[in-house]
Enquirer: 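So that we are looking at the same thing, I have put the structure below in structure tokens.
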Amino acid sequence: MAKIVVIDDEESIRTLLARILAHANHQVRTAANGKAGFRLLKDESADLVITDILMPEMDGLEVLMELRQLYPDLRFIAISGGGDHRVLTHLITAKRLGAVRTLSKPFEIDDLLHAVDETLSAPAIPPMHSKPVRRYA
């Protein structure tokens, strides 16, 4: 059983993901935006964050960047809607920022559960550096 935080501004998506993950024996907490997700993680740690990309107040890319700095061992799955080129670009960016897996909505339940299992068993991703690393020849 893993502790999972689901961050999505669509209540129906949050509720559905929480039910699916709870049925798979995970402990799930939800947040309607990135700021609320931060508050949840401040109060209690998690093993995995599943975050939507396009949200008001604080988007999923900001969530990913800031949480990776604060909690380097925390794992992420980024999700976003549709096959729109902009959405695909955001998912690629999320992967580069440290999301272990990305899923484009709509996705199948089995795809979600497989992504969760894969992400939880993935090796830790090295923390991002806030300043570029200077290499000398």
Side-chain angles (χ1 to χ4, degrees):
M1 174 175 73
K3 294 179 182 180
I4 300 174
V5 172
V6 174
I7 306 171
D8 198 304
D9 59 320
E10 293 182 56
E11 185 177 358
S12 61
I13 299 291
R14 280 194 319 272
T15 302
L16 179 62
L17 293 179
R19 285 182 181 162
I20 291 167
L21 295 167
H23 186 71
N25 296 317
H26 296 292
Q27 182 182 354
V28 185
R29 294 175 294 150
T30 64
N33 59 57
K35 288 182 180 182
F38 264 89
R39 286 191 297 273
L40 283 178
L41 288 161
K42 186 177 163 186
D43 294 338
E44 186 180 336
S45 67
D47 302 305
L48 170 64
V49 170
I50 299 174
T51 184
D52 188 20
I53 297 294
L54 302 175
M55 297 183 291
E57 293 191 47
M58 176 182 255
D59 70 36
L61 296 177
E62 292 173 297
V63 168
L64 213 158
M65 285 189 296
E66 292 192 30
L67 287 176
R68 289 264 302 126
Q69 292 290 336
L70 294 171
Y71 308 104
D73 293 333
L74 187 57
R75 296 195 174 38
F76 295 88
I77 295 174
I79 60 176
S80 200
D84 173 301
H85 182 287
R86 183 180 60 141
V87 169
L88 295 176
T89 301
H90 288 313
L91 290 175
I92 290 167
T93 301
K95 188 87 167 164
R96 289 181 179 151
L97 291 173
V100 175
R101 289 289 311 270
T102 61
L103 293 170
S104 183
K105 297 176 193 172
F107 46 81
E108 299 292 324
I109 293 172
D110 287 342
D111 293 335
L112 171 67
L113 295 175
H114 179 73
V116 167
D117 290 342
E118 186 177 289
T119 301
L120 289 170
S121 65
I125 296 172
M128 298 181 315
H129 300 285
S130 55
K131 295 180 182 177
V133 176
R134 189 172 244 162
R135 303 213 190 281
Y136 298 96

Enquirer: At what distance, to the nearest 0.5 angstrom, does CG of Leu61 lie from CG of Leu91?
Expert: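 Leu61 CG to Leu91 CG: 8.5 Å, rounded to 0.5 Å.
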Enquirer: For Leu74, which residues count as a side chain to side chain contact (heavy atoms under 4.5 Å, CB included) partner, sequence neighbours excluded?
Expert: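 Expected list: Leu41, Ala46, Val49, Leu67, Tyr71, Phe76.
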Enquirer: Does a sphere of radius 6.0 Å around CG in Leu70 hold more than 12 heavy atoms from other residues, nucleotides or ligands, not counting ones at 6.0 Å or beyond?
Expert: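 Check passes, neighbour count above 12.
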Enquirer: Could you work out, with salt bridge (Lys or Arg N to Asp or Glu O under 4.0 Å) as the rule, every residue matching Lys35, not counting sequence neighbours?
Expert: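 Lys35 satisfies salt bridge (Lys or Arg N to Asp or Glu O under 4.0 Å) with no residue once adjacent residues are dropped.
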Enquirer: With the 4.5 Å side-chain cut-off for hydrophobic clustering, are Leu88 and Phe107 part of the same group?
Expert: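 Shared cluster, no.
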Enquirer: Does any non-hydrogen side-chain atom of Ile77 lie less than 4.5 Å from one of Ile50?
Expert: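 SC-SC contact between Ile50 and Ile77 confirmed.
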Enquirer: I want to check something: taking the side chain as every heavy atom from C-beta on, are Arg68 and Leu97 in contact at a cut-off of under 4.5 Å?
Expert: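 Heavy-atom side-chain distance check fails, nothing below 4.5 Å.
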Enquirer: In the structure I gave you, are the side-chain heavy atoms of Ile4 and Asp47 within less than 4.5 Å of one another anywhere?
Expert: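 No, side chains not in contact.
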Enquirer: Who pairs with Glu57 by salt bridge (Lys or Arg N to Asp or Glu O under 4.0 Å), at least two apart in sequence or on another chain?
Expert: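 Listed in chain order: nothing, the list is empty.
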Enquirer: Any heavy-atom pair between the side chains of Lys105 and Glu10 that's under 4.5 Å?
Expert: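 Answer yes - side chains close enough.
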Enquirer: Counting N and O atoms only, with roles assigned by atom type, does the side chain of Arg101 sit under 3.5 Å from a partner on the main chain of Ala99, one being a donor and the other an acceptor?
Expert: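 No, the answer is negative, given that no donor and acceptor are paired below the 3.5 Å cut-off.
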Enquirer: When clusters are formed by joining ILVMFWY residues with side-chain heavy atoms under 4.5 Å apart, either directly or through shared neighbours, do Leu40 and Ile7 land in the same one?
Expert: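 Yes; Ile7 is reachable from Leu40 via cluster members.
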Enquirer: I need the Glu108 CD to Leu103 CG distance, nearest 0.5 Å.
Expert: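 Between Glu108 CD and Leu103 CG, I get 11.0 Å after rounding to 0.5 Å.
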Enquirer: Would the distance check show the side chain of Arg29 and the main-chain N or O of Val6 forming a donor-acceptor pair, the cut-off being under 3.5 Å?
Expert: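 Checking the backbone N and O of Val6 against the side chain of Arg29, no donor-acceptor pair under 3.5 Å is found.
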Enquirer: For Glu62, which residues count as a salt bridge (Lys or Arg N to Asp or Glu O under 4.0 Å) partner, sequence neighbours excluded?
Expert: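 Result, salt bridge (Lys or Arg N to Asp or Glu O under 4.0 Å) vs Glu62: none returned.
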Enquirer: Testing the basics here: between Ala94 and Leu64, what is the closest heavy-atom pair and its distance to 0.1 Å?
Expert: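 Scanning both residues completely, I find the closest heavy atoms to be O-CD1, 3.7 Å.
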Enquirer: Grab the two heavy atoms, one from Asn33 and one from Ala36, that are nearest each other, plus how far apart they are.
Expert: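 That closest heavy-atom pairing would be OD1-N, 2.8 Å.
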Enquirer: Using a 3.5 Å cut-off and no angle test, enumerate the donor-acceptor pairs between side-chain atoms of residues 12-28 and protein atoms at least two apart in sequence or in another chain.
Expert:
unit_1 : atom_1 : unit_2 : atom_2 : d
Arg14  : NH1    : Asp8   : O      : 2.7
Thr15  : OG1    : Glu11  : O      : 2.9
His26  : ND1    : Ala2   : N      : 3.1

Enquirer: First locate atom CG of Leu54, then atom OG of Ser80, and finally report the distance between them rounded to the nearest 0.5 Å.
Expert: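 Reported value, rounded in 0.5 Å steps: 4.0 Å.
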Enquirer: Of all residues at least two apart in sequence or in a different chain, which pass the salt bridge (Lys or Arg N to Asp or Glu O under 4.0 Å) check with Glu44?
Expert: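 If we apply the salt bridge (Lys or Arg N to Asp or Glu O under 4.0 Å) test to Glu44, skipping adjacent residues, the hits are Lys3.
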Enquirer: Of the non-hydrogen atoms in Ile53 and Asp59, which two are nearest, and what is the gap between them?
Expert: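 Nearest heavy atoms, Ile53 then Asp59: O-CB, 3.1 Å.
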